[in-house]
Amino acid sequence: MAEPFVELAVVRRSGFVESRHCGALLALDADGGVAAELGDGDAPVLPRSTAKPLQATACLLAGAPLEGPALAIAAGSHTGTDAHADVVRAVLAEAGLTEDALGCPADRPQDGPTRDALVRAGEPPSRVRMNCSGKHAAMLLACRVNGWSTGDYLDPGHPLQQRVRAVTEGLTGTPVRHVAVDGCGAPLFGTTVRGLATAFRALRLADPGEPAGRVAAAMRAHPEFVGGPGHPNTELMRHVPGAVAKGGAEGVLGVAGPGGRSVALKVADGNPRATTLIALEVLAGLGVDVSGVADLRVVPVLGGGERVGEIAPGTALRAWAAAR
């Protein structure tokens with residue numbers, strides 16, 4: 001049995017290894033075969049917001065009329081800009097609902113300039129600015145289309161959430177291991193690192209006319225609604241042709257590139273600062289052109305405002321790359 005977690009990245013400060021990020025990673029090649037398994041690929045994980053493209057697929061299968069930015073934001077973790085809030089409000093309006101129907105907690109935008117402007121204007125935190133509000137609005141729309149109740153749409157036994165569970169198991173090829181509550185209040189269906197890599201490969205290779213393919217296409221076409229200005233998921237999809245990427249809290253990330261080459265990982269300590277770097281190193285090793293996001297492969301460590309080190313691939317990742 002593989003070690004559950006291995007060293008995927010290290011933090012070097014002034015030549016000294018200050019911290020180590022261990023985790024589990026699994027990558028699939030274009031033919032679907034396992035190209036890398038660092039740590040235990042069958043390690044159970046809570047996918048957090050990496051599951052949003054799967055949840056958006058379930059909403060489409062349930063009949064929600066989502067497309068373009070509305071579908072991208074359903075699969076994303078937006079940063080709360082005015083453009084994001086406008087799209088979420090439009091989805092709610094189509095459902096005949098107001099922001100009060102959102103089951104996610106109130107929050108301030110993650111986007112700095114927007115947050116500062118709202119604070120100056122005296123606006124309190126709101127549900128529509130919370131980074132999961134797009135997903136919640138899509139779920140509410142799916143409920144309204146089907147005549148399902150909306151007051152309990154976050155109950156794991158609700159018809160919509162049962163659809164989400166079925167889609168999760170279908171795309172990951174893995175039975176749900178654990179049912180939890182995500183930070184936004186939605187049910188969270190546990191899977192494995194292998195399951196996430198399998199799901200992202202399936203999303204990337206899905207027919208563009210099918211629900212999973214429509215989600216992937218919307219994410220690629222409107223990456224600014226999956227994240228926001230400067231967000232690594234947004235920049236990765238904007239500059240790596242054909243890529244689909246979605247990260248989640250606690251160090252989870254899934255990415256699929258051209259041909260279905262995919263990688264999923266979970267950092268054991270929950271820190272996401274190295275996840276994109278790790279994923280790009282693996283995709284590059286699989287032959288994906290990641291030259292357009294060279295800056296995302298460099299995570300500087302600062303001292304006194306100056307670069308004194310960097311976050312770099314760890315021993316397990318370096319050994320895999322050397323053996324390719």
Side-chain angles (χ1 to χ4, degrees), residues 23-24 26 28 40-64 66 71 74-77 102-105 130-143 146 148-150 152-204 206 211-212 215-216 219 226 244-256 262-268 270 272 275:
L26 190 127
L28 299 174
D40 183 3
D42 293 309
V45 297
L46 295 177
R48 303 302 298 269
S49 286
T50 305
K52 284 179 178 173
L54 284 62
Q55 293 164 322
T57 300
C59 289
L60 288 183
L61 284 166
L66 297 163
L71 182 51
S77 297
L102 293 170
C104 57
M130 198 266 175
N131 71 334
C132 298
S133 65
K135 172 183 78 176
H136 283 256
M139 289 180 170
L140 287 165
L141 180 57
C143 290
N146 287 278
W148 295 331
S149 58
T150 57
D152 61 344
Y153 78 98
L154 298 181
D155 188 311
H158 190 280
L160 174 64
Q161 300 304 337
Q162 288 299 297
R163 293 284 185 97
V164 173
R165 179 173 184 147
V167 167
T168 299
E169 292 184 330
L171 288 177
T172 63
T174 304
V176 166
R177 303 285 187 96
H178 188 81
V179 180
V181 180
D182 209 340
C184 66
L188 184 62
F189 299 108
T191 183
T192 64
V193 176
R194 186 187 308 273
L196 284 177
T198 301
F200 272 76
R201 181 174 188 274
L203 285 164
R204 181 61 187 82
V215 170
M219 293 172 70
V226 178
V244 177
K246 184 69 192 76
E250 298 299 324
V252 184
L253 177 63
V255 185
S262 62
V263 57
L265 62 114
K266 159 68 180 179
V267 173
T275 55

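Just so we're clear, the structure is a prediction, and the values are computed from it rather than from any experiment.
With values rounded to the nearest 0.5 angstrom, L160 atom CG is found 5.0 Å from C59 atom SG. Rounding to the nearest 0.5 Å gives a distance of 12.5 Å between CZ of F200 and CG of L28. Expressed to the nearest 0.5 Å, how far CD of Q55 lies from OG1 of T50 amounts to 10.0 Å. To the nearest 0.5 Å, atoms CG (D182) and OG (S49) are separated by 5.5 Å.
Across L71 and A56, no two heavy atoms sit closer than the pair CD1-CB, 4.4 Å. Nearest heavy-atom pair across W148 and P159 is CE2-CB, 3.6 Å.
In this structure, L26 and T198 have side chains that are not in contact, with every pair of non-hydrogen atoms separated by 4.5 Å or more. For the pair V45/T192, no side-chain contact is recorded, criterion being any heavy-atom separation below 4.5 Å from C-beta on. A 4.5 Å side-chain heavy-atom check between Q161 and D155 finds every atom pair outside the cut-off. Residues S262 and R204 have side chains not in contact (no heavy-atom distance under 4.5 Å, counting atoms from C-beta outward). Side-chain contact check for S77 versus K246: some heavy-atom pair is nearer than 4.5 Å.
Within the structure, side chain to side chain donor-acceptor pair (under 3.5 Å) contacts touching residues 167-178 (residues at least two apart or in different chains) do not occur.
Qualifying side chain to side chain donor-acceptor pair (under 3.5 Å) partners for K266, counting only residues two or more places apart in sequence or in other chains: none.
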